[in-house]
Amino acid sequence: MSTDFQPKSDFLAVLKERGYIHQCSDFAGVDDKAKSGDLIAYIGFDATASSLHIGSLLQIMMLRWLQKTGGKPIPLMGGGTTQVGDPSGRDESRKLLTLDQIDANKNGIRQVFTKFLTFGDGKTDAVMTDNAEWLTALNYIHFLRDVGRHFSVNRMLSMDSVKMRLDREQELSFIEFNYMCLQSYDFVELNKRYGITLQMGGSDQWGNIVMGIDLGRRMGTGQLYGLTSPLLTTASGAKMGKTASGAVWLNPDMLPVYDYWQYWRNTEDADVGRFLRLFTELPMDEIRRLENLGGAEINEAKKILANEATAMLHGRASADEAAETARKTFEEGVLSTALPTIEVTRSEFDAGIGVLTAFVKAGLVASTGEARRQIKGGGLRMNDAAVSDERATLSAADLTGEGVVKLSMGKKKHVLLKPV
RNA sequence: GGGGGAAUGUCCCGAGCGGCAAAGGGGGCGGACUGUAAAUCCGCUGGCUUAGCCUUCGCAGGUUCGAGUCCUGCUUCCCCCA
């Protein structure tokens, strides 16, 4: 690709410098648009869960930078397309969600955008859209005549997402096959409604985006553009955002702020620079300084990464609190009452809770069986003392001065159990 | 329409002569070493009121003291022939 392309616009300059760009259909075209100040771009988000997770954060950041550099960002909620299911990057069919689930999910997801983007009616204000608005109203025959005739099945069969399924002789249902048509149509529709000329997305969206550009040409939208971000993996090759307990969610009711902070704090050395560029807005020379810290000093950079990333999503105060909690817990070895807390009723507590059950309640282990195994392996601690007797019961004597019991699994995961 | 294969531990891949809670990986979790890192080494990786009990190999029946394994029917997928 044109890695040697020298952007004139702030938007592309930032994206390029910080490593957001994987492919672009026309660098010069997007650059001119951005430069002239009337770049309006969208990214689609499927409503498959009640919160977005870290995997979508890169996309959200691109919209944020667009806004900061004078463009207009349009997050598109896939209220319609989620009803169909995107086969891209998947080797088997997605389960179809019910409409109620999708609605609930949309509400959960919406919250995140307001943290990263400014919404309103101004020129660069973000506008929330939902493709259910136009997709659910489509008439099948009309759609086929007006839009469907522009699609070449030959072409669609050559798309990576489709080819992969066919090559592996895996089922690709007709409904999924239509997903890309709907996404292409979204692009055209958004162009009509908002004057959008750029669609961004993850690299797995490239095929769908290009199809949208084509469709636009045939339906007379004028030139459309596409830009994708690289697929993010950690330096050791793992997909980002997956932990044992699930994805790294962005909504605080799905993942405590402290855990979110910890996720960033535990970044691998080799990823620190890349993540600072992508997930914080620190100036580049500051980032260059931080990523060059050697040995244990790089931990300072990780703290800054955690602080900045957390502050952007949850606010500066929450980030500071998480940082302080971590400092007390790890550096001073002092109990912080701001650790994630699980409450139990006083009567339940007084009746005597077994250690095994306590760890299950805290969510640190999935079953009493796992608790037993972890105890054998020396992985569970109560008030920082290793648990050795699986038959032990919690009692008032185990309460700390703060009136809680600190349960730990491994060195990093701590939860407070609090009788109320 | 005919013939032949396949479905395994609810993360994935995958072995499995009638005695199986079921080999081996990957991934994940824990321990050691470190810097809350990586790499490496070790342990664990169905559930429970754990010397025991319960539930698992696509679904439903059957044979057997005993079935993931054999038989019958069904579902889904793949291949070959028409």
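Throughout, protein chains are lettered first and strands after them, A, B, ... in sequence-line order, and every chain is numbered starting at 1.
Atom C1' of B:U8 sits at a distance of 13 Å from the matching atom of B:A21, rounded to the whole Å. B:A51 and B:G16: their C1' atoms are spaced 30 Å apart (whole Å). For the P atom pair drawn from B:A6 and B:G28, the interatomic distance equals 32 Å after rounding to whole Å. For the C1' atoms, the distance from B:U63 to B:C12 is 35 Å, rounded to whole Å. A distance of about 23 Å separates the C1' atoms of B:U72 and B:C17, rounded to the whole Å. Across the P atoms, B:G24 and B:C20 are found 14 Å apart, a figure rounded to whole Å. Look at the P atom in both B:C54 and B:U36: the space between them is 48 Å, to the nearest Å. B:G58 and B:U10 have their C1' atoms separated by 13 Å, with the value rounded to a whole Å.
Rounded to an integer number of Å, the gap from CG of A:Leu356 to C1' of B:U49 is 11 Å. A:Leu290 has its CG atom 20 Å from the P atom of B:G35, to the nearest Å. Protein atom CZ of A:Arg372 is 15 Å distant from nucleotide atom C1' of B:C44, rounded to whole Å. Between the OH atom of A:Tyr263 and the C1' atom of B:U36 there is a distance of 15 Å, given to the nearest Å. For A:His414 and B:U36, the NE2 to C1' distance is 9 Å, given to the nearest whole Å. In this structure, A:Lys412 atom NZ and B:A38 atom C1' are separated by 11 Å, rounded to whole Å. Put simply, CD1 on A:Ile298 is 14 Å from P on B:U36, counting in whole angstrom units.
Sorted by first and then second residue, the salt bridge (charged side-chain N to carboxylate O under 4.0 Å, His left out) pairs involving residues 139-155 of chain A (not counting sequence neighbours) are A:Arg155-A:Asp214. Among pairs with a residue in residues 368-400 of chain A, none fulfils ring-ring contact (aromatic ring centres under 6.0 Å, His included), at least two apart in sequence or across chains. Counting only residues at least two apart or in different chains, ring-ring contact (aromatic ring centres under 6.0 Å, His included) contacts with residues 294-339 of chain A comprise A:Tyr260-A:His314, A:Phe330-A:His414.
Of the residues in residues 299-307 of chain A, those lying under 4.0 Å from RNA chain B by heavy-atom distance are A:Asn299, A:Lys302. Only A:Gln374, A:Gly377, A:Gly378, A:Gly379, listed by number, bring a heavy atom of residues 374-393 of chain A to less than 4.0 angstrom from any atom of RNA chain B. Near-neighbour residues of RNA chain B inside residues 319-332 of chain A, defined by a heavy atom below 4.0 Å, number-ordered: A:Ala326, A:Phe330.
Taking the charged nitrogens against the carboxylate oxygens, A:Glu348 and A:Lys361 do have a contact shorter than 4.0 Å, which makes a salt bridge. Electrostatic pairing of A:Lys303 and A:Glu308 does not count as a salt bridge here, judged by no charged N lying under 4.0 Å from a carboxylate O. A salt bridge is absent between A:Lys72 and A:Asp125: the closest approach of a Lys/Arg side-chain nitrogen to an acidic carboxylate oxygen does not fall below 4.0 angstrom. Remark: A:Arg372 engages A:Glu390 in a salt bridge, criterion side-chain N to carboxylate O under 4.0 Å.
Taking OG1 from A:Thr280 and CD1 from A:Ile304, the interatomic distance works out to 9.5 Å, rounded to the nearest 0.5 Å. Annotation: the span from A:Ile298 atom CD1 to A:Glu291 atom CD amounts to 8.0 Å, rounded to 0.5 Å.
Among residues two or more places apart in sequence or in another chain, the side chain to side chain donor-acceptor pair (under 3.5 Å) test is passed with A:Arg373 by none. The ring-ring contact (aromatic ring centres under 6.0 Å, His included) search around A:Tyr258 returns none, not counting sequence neighbours. Every salt bridge (Lys or Arg N to Asp or Glu O under 4.0 Å) that A:Glu281 has, sequence neighbours left out, goes to A:Arg64, A:Lys68. Under the ring-ring contact (aromatic ring centres under 6.0 Å, His included) criterion, A:Phe143 pairs with A:Tyr185, sequence neighbours left out. Residues satisfying the ring-ring contact (aromatic ring centres under 6.0 Å, His included) test with A:Phe113, not counting sequence neighbours, are A:Phe45.
Here the nucleotide nearest the side chain of A:Thr368, chosen from B:U34, B:C29, B:C48, is B:C48. Distance from the side chain of A:Glu268 is smallest to B:A37 among B:C48, B:A37, B:G35. Closest approach to the A:Lys413 side chain among B:C29, B:G35, B:U36 is made by B:C29 (side chain taken as heavy atoms from C-beta onward).
Just one of A:Phe187, A:Tyr225, A:Tyr194 meets the ring-ring contact (aromatic ring centres under 6.0 Å, His included) condition when paired with A:Tyr42; it is A:Phe187.
Sequence order on RNA chain B of the closest nucleotides to A:Ala296 and A:Gly410 puts A:Gly410 first from the 5' end.
Residue A:Lys411 has no polar side-chain atom (N or O) positioned under 4.0 Å from OP1 or OP2 of B:U34. Distances shown here put every side-chain N or O of A:Arg373 at or beyond 4.0 Å from the OP1 or OP2 atom of B:G31.
Figure legend. B:C59 is base-paired to B:G73; pairs are counted as Watson-Crick or G-U wobble with both atom distances under 3.5 Å. Using N1 to N3 plus N6-O4 or O6-N4 for Watson-Crick, or N1-O2 and O6-N3 for G-U wobble, each under 3.5 Å, B:U64 pairs with nothing. Summarising the base pairing, B:C53 is matched to B:G47 through a Watson-Crick or G-U wobble pair whose two defining distances lie under 3.5 Å.
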Taking only N/O atoms, report every protein-nucleotides 53-57 of chain B pair under 3.5 Å with atom names and distance.
none

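With a glycosidic angle more than 90° from 0, B:C70 adopts the anti conformation.
Within the 3.5 Å criterion, the main-chain N or O of A:Pro75 finds a donor-acceptor partner in the side chain of A:Thr129.
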